[in-house]
Structures are given as structure tokens and as C-alpha cells.
Amino acid sequence: MKKIKDFLSKNKDILIVFFIILFTIMLPYMQNDFIIGDDYEYHFSRIQSIKEALEEGIFPVKVHPKLANGYGYGSGLFYPNLFLYIPAILCLMGLNFFVSYKIFIAIMLLLMFVLTYKSLKSIVEDKTTTLIGVAVIMLSSCLSLHLLKRVALGEFLGFIFIAPVIAGIHDYIHNDFKKPWLLFIGFFGLINSHLITTAICTVYCVIVFLFNIKTSLKNPKKMLKLFFVAVLVALTTAYFWMPMLEQMIGYKFKYSNQWTSAKDNVFGAYDLFGPQKYSLGILITICFPMIIVGMFEKVSKKAKIFSLMFLILVIIMLCPAIWNWTDSITGGIQFKWRLLGITTVLAGISISMLLKEYCENNNVNPKYILIIFVALSMFIFNFQYTDLDTAPESFVESKMYSLWNSIGGGCEYLPLEMNVGNLGYPQFAIADDGEKILYALDTIVIRCKYYNEEELLHLLKNLVGKDYEIKKINI
């Protein structure tokens with residue numbers, strides 16, 4: 001009991017900030033309707049189909065048998081499923097989908113808080129100002145975008161592991177790689193979450209490594225340790241990337257026909273700094289002048305480097321010429337705002353370090369600054385709730401296995417030569433009077449003398465849970 005009391009007393013500030021952040025983010029889930037966004041049908045279908053595959057004894061779930069109108073969809077071959085087993089298993093234990101999902105999100109937010117705090121503290125080296133950075137990152141517009149506005153679980157999960165990667169490569173360059181677990185956890189989590197975010201963070205680490213290559217060459221033991229971490233990451237994630245690589249080598253899929261490119265998506269200063277969906281958010285915009293001024297003040301070299309990296313990423317997002325020149329490399333990112341994750345984390349680190357040095361130089365108690373930032377972050381994050389899309393749980397359930405939504409807008413993981421329309425192959429339903437109605441999830445074909453349009457609409461709505469425009473066909 002004494003150890004528990006000592007722990008609570010020692011970490012009181014950390015626990016208070018954590019519960020404030022958790023409550024703020026989970027608040028939208030404490031309502032009758034459920035949050036939906038751009039990608040909710042796809043990711044919810046993944047969870048539900050994993051649960052049903054496990055019920056049938058399928059493990060690991062590489063091909064989701066119930067997706068694509070029951071034909072099966074190889075989402076698990078290209079889109080990591082590891083963390084989605086958590087809500088799927090909770091469903092198997094008897095909890096309904098929506099309760100399982102909320103518990104899953106709370107667990108991942110706890111993991112994010114711990115990893116972000118540990119990562120930032122290894123860089124900032126001060127508990128209080130580290131908590132400021134954690135609040136900036138976790139109550140950011142970027143997290144709101146991925147988790148609440150888009151319900152893009154892959155990018156939300158990837159966002160969790162960006163801070164450990166940045167802290168890990170920083171530890172390698174500046175601290176003789178005393179904490180290799182940061183880089184290992186970061187990349188292990190990224191590979192099992194979102195491959196585009198993995199690619200972005202890999203490029204970041206390679207650039208940082210190359211800029212410090214002379215220092216690395218002087219310490220071969222450190223380079224050997226980095227090599228072992230890379231091998232360990234490759235081995236522990238081989239269950240995912242080896243089957244994926246096999247499919248990529250042996251077959252052609254629709255992702256090779258890129259349906260959008262980053263250079264084609266306009267992204268201006270108003271988008272990045274304004275009150276838009278895809279922005280850095282109000283708080284980071286307010287702190288932006290502080291980061292610029294910090295570049296010219298007497299602050300540590302480390303603080304200037306993180307501020308500079310943040311500013312470089314801002315310039316990259318706002319400069320169309322860069323995306324045009326590098327389209328063959330960067331086109332696969334698809335959207336420029338995919339850099340918001342790493343940019344937001346670098347902003348949080350920069351703000352933490354600049355405020356730490358400000359407090360030290362001006363004899364200011366950093367706890368006052370922490371209170372201001374946490375309160376401001378809460379207010380701004382709550383302000384972002386005003387444009388969230390919600391729907392009744394029954395509506396969300398009806399959308400999970402709809403044909404197009406369950407395979408994603410780009411249908412990237414279908415064979416290249418496949419006619420997607422064939423997935424809508426119709427099935428028969430029997431009406432009350434014995435007539436047959438031929439239906440598919442997105443198309444209705446009438447093969448009977450069923451001329452009562454109102455009755456037919458009612459039957460079809462009850463059958464497949466959506467409204468249709470009736471087109472009579474003579475057969």
C-alpha cells in the first residue's frame with residue numbers, strides 16, 4: 001500500500017494530465033449516437049470480419065472472408081490487423097461491437113500517453129514541460145482528424161508510434177543509443193499500424209542518420225546496435241511483411257494503378273493554419289510565431305534543430321513544386337496532409353523545449369505554463385467537436401458489410417484485372433407471396449411480376465437495410 005501511495009504522490013501531475021486528456025478525447029463517445037467519419041465503414045468492417053473469422057477458426061486473418069459481398073477481401077495481407085484483434089476478441093467475449101470499440105480506443109490512448117511521455121521526456125529531460133508537449137500532441141487537430149473526423153484507424157494507430165521513432169533516432173545520434181527500445185517499439189508499432197506512416201518515418205530517420213553519418217562512423221558499436229534493432233524489427237514483423245511481399249511479387253493489384261497523387265491535392269497556408277479539417281490546429285498555429293522566434297533566440301542547439309525540422313516539414317507541405325518534382329517518389333503518400341502526424345509531433349517537442357528553456361531563463365514555474373496549455377488544449381479540442389458526424393448504432397451496423405465501403409474507395413487490394421462490378425453478383429430473396437427477387441448490395445434487379453412499387457420498396461428496405469430507386473425491367 002505504501003508503494004502505491006508513493007507512486008501516486010510521485011506521479012500526481014502525470015496522472016492528472018492523463019485523465020484530463022483521456023476524458024477530453026473520450027467525451028464524444030459518451031453520447032447516444034456513434035461517431036462516424038470518412039473511413040468508418042471500412043475499418044469497422046475489418047474489426048467485425050476479424051471477429052467472425054476467429055469464430056470460424058481462421059487465424060491469422062489475412063483474407064477477410066465476409067468482405068467484398070462474401071467473396072473475401074485480402075485486406076489483412078496489405079493492411080496490418082494486429083491491434084484490431086483487441087476489439088475483435090472483446091466482441092468474442094460477449095461485449096457488443098460499440099462497447100468493444102470504445103474500450104479499444106481507451107486502451108490505445110493509454111498506450112499513446114505512456115509512449116509519448118517516455119519519448120518526449122528522453123528528449124526534453126523535464127517532467128513538467130514534457131507534459132505540455134504530450135498535451136499538444138494528444139489534444140491536437142491531427143488526432144481529432146484521424147480518430148474522430150475521419151475514423152481512420154490505421155493513421156490513428158500509426159500516430160501513436162511516431163514519437164518513439166523520433167525519440168529513438170535522437171537517442172541514437174545524441175545519447176549513444178542507450179534506449180534502443182524506443183526505436184524498436186516505434187517501428188514495430190508503425191509496421192503493425194499503417195505502412196504509409198511507416199514510410200514517412202523511415203525517410204525521416206534515414207535523413208537524420210545521413211546528416212550525422214560522420215558521428216556514426218566513429219562509433220561502430222553503436223551502428224552494430226542499430227543493425228540489431230533493425231533485424232529484430234524485421235523478424236518480429238515478418239509474419240506481416242513476408243506474405244505481403246510474396247503477394248506483391250507474384251500478383252498485380254489495383255494499388256499499382258494509383259487513383260490519386262499528393263501533387264494533385266491542393267494544400268495552402270489557409271488549409272494548414274486555418275480552422276480546416278486538415279490543419280495543424282489552432283494551438284500549434286498560435287505557437288507557430290514562438291517556434292520561428294526561437295530559431296533566432298539564445299536557445300540550445302537541440303531546440304533549434306527540432307524547430308528547424310518542424311519548419312522544413314511545413315514548407316514541404318506548402319510548396320507544390322517539391323511535390324511535382326518528386327511525384328514518382330512521394331505520389332504514393334496520396335495526400336499532403338499525411339505529413340501532419342510527424343509535423344505535429346515535432347511541433348510538440350519544439351514547444352516543450354522552448355518553454356523549458358524560457359522557464360529556466362526567466363525563473364518561471366513551468367507548472368503555471370502546463371496549466372495554461374492543458375486548459376487551452378481542452379478548450380480547443382472541445383471546439384472541434386462541433387462538426388463531428390454521428391449516426392445511430394443500427395445505421396452503423398447496416399453499413400459494415402456494404403460492398404463498396406468494406407473494400408475501400410480505391411479497392412487497392414483487389415487483383416488488377418478484376419472487374420469490381422462482378423462483386424455485386426446478385427442473390428435471390430423470396431417475397432411473402434413466393435415471388436423471387438434478385439438482389440445485390442448496391443443494385444436491385446427485378447425478375448418477377450412485382451408491380452406494387454411501394455410494397456417492393458418496403459420489402460427491399462427490410463431485406464438489405466437501405467433505400468433504392470426502383471427501375472422496372474421487362475424480362
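Just so it is clear, the structure is predicted and the values come from calculations on it, not from any experiment.
- Counting only heavy atoms from C-beta outward, the side chains of C91 and N96 never approach each other to under 4.5 Å.
- At most 12 non-hydrogen atoms from other residues, nucleotides or ligands lie less than 6.0 angstrom from CZ of F211.
- The aromatic rings of F44 and Y40 stand perpendicular to each other, their planes meeting at an angle above 60°, with 30° marking the opposite boundary.
- For F395 and F34, the ring centers are positioned 6.0 Å apart or more.
- The closest side-chain heavy-atom distance from C205 to F187 is below 4.5 Å.
- Counting only distance, with no hydrogens or angles, the side chain of T129 and the backbone of L355 share no donor-acceptor pair below 3.5 Å.
- For K252, the NZ atom counts as loosely surrounded, since its 6.0 Å shell holds 12 or fewer non-hydrogen atoms of other residues, nucleotides or ligands.
- Ionic pairing of K51 and E55 is present here: one or more N-O contacts between side-chain nitrogen and carboxylate oxygen are shorter than 4.0 angstrom.
- The distance from atom CH2 of W337 to atom CG of L339, rounded to the nearest 0.5 Å, is 10.5 Å.
- A donor-acceptor contact closer than 3.5 angstrom links the side chains of S75 and Y42.
- The neighbour count for W181 CH2, taken as heavy atoms of other residues, nucleotides or ligands under 6.0 Å away, is above 12.
- A donor-acceptor pair under 3.5 Å links the side-chain atoms of N324 to the main chain of P320, judged by distance alone.
- Residues in residues 83-98 take part in no salt bridge (charged side-chain N to carboxylate O under 4.0 Å, His left out) pair, two or more places apart or across chains.
- In this structure, H194 has its ring center at least 6.0 angstrom away from the ring center of F159.
- In terms of heavy atoms, L346 sits closest to Y204 at CD2-OH, 3.9 Å.
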Full working for ring pair (Phe, Tyr, Trp, His ring centres under 6.0 Å) between F59 and Y85: CA-CA 10 Å; F59 180 83; Y85 284 102; 5.5 Å; yes
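- Between L115 and I185 there is a side-chain heavy-atom pair separated by less than 4.5 Å.
- Judged by distance alone, the side chain of S307 and the main-chain N or O of M295 form no donor-acceptor pair under 3.5 Å.
- Counting heavy atoms of neighbouring residues, nucleotides and ligands inside a 6.0 Å radius, atom CE of M26 exceeds 12 of them.
- Shown here for F273 and T285, the closest heavy-atom pair between the two residues is O-OG1, 3.3 Å.
- Between L183 and V233, every side-chain heavy-atom pair lies at or beyond the 4.5 Å cut-off.
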Residues F113, I14; criterion side chain to side chain contact (heavy atoms under 4.5 Å, CB included); working and verdict: CA-CA 10 Å; F113 182 88; I14 297 173; 3.6 Å; yes
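- Put simply, the side chain of W323 gets close to the backbone of I316: a donor and an acceptor are under 3.5 Å apart.
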Step-by-step side chain to side chain contact (heavy atoms under 4.5 Å, CB included) determination, M138 to L109: CA-CA 9 Å; M138 291 194 67; L109 288 173; 4.1 Å; yes
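- Remark: I166 CD1 to I349 CD1 distance equals 5.0 Å, nearest 0.5 Å.
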Working for salt bridge (Lys or Arg N to Asp or Glu O under 4.0 Å), residues K367 and D13: CA-CA 9 Å; K367 288 190 177 181; D13 294 345; 3.3 Å; yes
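- In this structure, E52 contributes its side chain and K66 its backbone to no donor-acceptor pair below 3.5 Å.
- Contact of the L110 side chain with the F18 side chain is registered, since non-hydrogen atoms from C-beta on lie closer than 4.5 Å.
- For the pair M244/L195, a side-chain contact is recorded, criterion being any heavy-atom separation below 4.5 Å from C-beta on.
- Looking only at distances, a side-chain donor or acceptor of S300 sits under 3.5 Å from a matching main-chain atom of A303.
- Judged by distance alone, the side chain of T343 and the main-chain N or O of L313 form no donor-acceptor pair under 3.5 Å.
- Between H64 and Y79, a ring centre-to-centre spacing not shorter than 6.0 Å is recorded.
- Among all heavy-atom pairs drawn from A347 and F310, the shortest one is CB-CE1, 3.6 Å.
- With no hydrogens or angles considered, no side-chain donor-acceptor pair links Q31 and T390 at under 3.5 Å.
- K304 NZ to L354 CG: the interatomic distance, rounded to the nearest 0.5 Å, is 10.5 Å.
- Proximity of the aromatic rings of Y413 and F253 is defined here by a centroid distance below 6.0 angstrom, and this criterion is not met.
- The backbone N or O of L82 sits nowhere less than 3.5 Å from a side-chain atom of N192 that would complete a donor-acceptor pair.
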Worked check of salt bridge (Lys or Arg N to Asp or Glu O under 4.0 Å) between E412 and K254: CA-CA 5 Å; E412 289 99 337; K254 290 190 181 297; over 6 Å; no
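- Within 6.0 Å of atom CG in N32, 12 or fewer heavy atoms from other residues, nucleotides or ligands are found, so the atom counts as exposed in its surroundings.
- At distances below 3.5 Å, not a single donor-acceptor pair connects side-chain atoms of K356 with backbone N or O atoms of T128.
- Using a 4.5 Å cut-off on side-chain heavy atoms (C-beta onward), S279 and L272 make no contact.
- The heavy-atom pair separating F240 from P243 by the smallest distance is O-CD, 3.3 Å.
- For V229 against P180, the heavy-atom pair with the smallest separation is CG2-CB, 3.8 Å.
- For N81 (side chain) and L84 (main-chain N/O), no donor-acceptor pair under 3.5 Å exists by modelled atom type.
- Rounded to the nearest 0.5 angstrom, I20 CD1 and F23 CZ are separated by 10.5 Å.
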Derivation and outcome, side chain to side chain contact (heavy atoms under 4.5 Å, CB included), residues S352 and T130: CA-CA 6 Å; S352 292; T130 290; 5.7 Å; no
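- You'll find the side chain of D171 reaches within 4.5 Å of the side chain of K178, heavy atoms only.
- A distance of 9.0 Å separates CD1 in I312 from CD1 in I207, rounded to the nearest 0.5 Å.
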Steps toward side chain to side chain contact (heavy atoms under 4.5 Å, CB included) verdict (M112, I107): CA-CA 9 Å; M112 183 177 186; I107 291 171; over 6 Å; no
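- Nearest approach of L139 to S377, heavy atoms of both residues: CD1-CB, 3.5 Å.
- For the atom pair CD1 (I162) and CD1 (I200), the distance works out to 7.5 Å, reported to the nearest 0.5 Å.
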Contacts table for residues 142-151: side-chain donor-acceptor under 3.5 angstrom, sequence neighbours left out:
from	atom 1	to	atom 2	distance (Å)
S144	OG	Q384	OE1	3.4
R150	NH1	E155	OE1	2.6
R150	NH2	D39	OD2	2.8

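- The neighbour count for M93 CE, taken as heavy atoms of other residues, nucleotides or ligands under 6.0 Å away, does not exceed 12.
- Enclosure of atom OH in Y239 by more than 12 non-hydrogen atoms of other residues, nucleotides or ligands within 6.0 angstrom is indicated.
- Atom NZ of K102 is surrounded by more than 12 heavy atoms from other residues, nucleotides or ligands within 6.0 Å.
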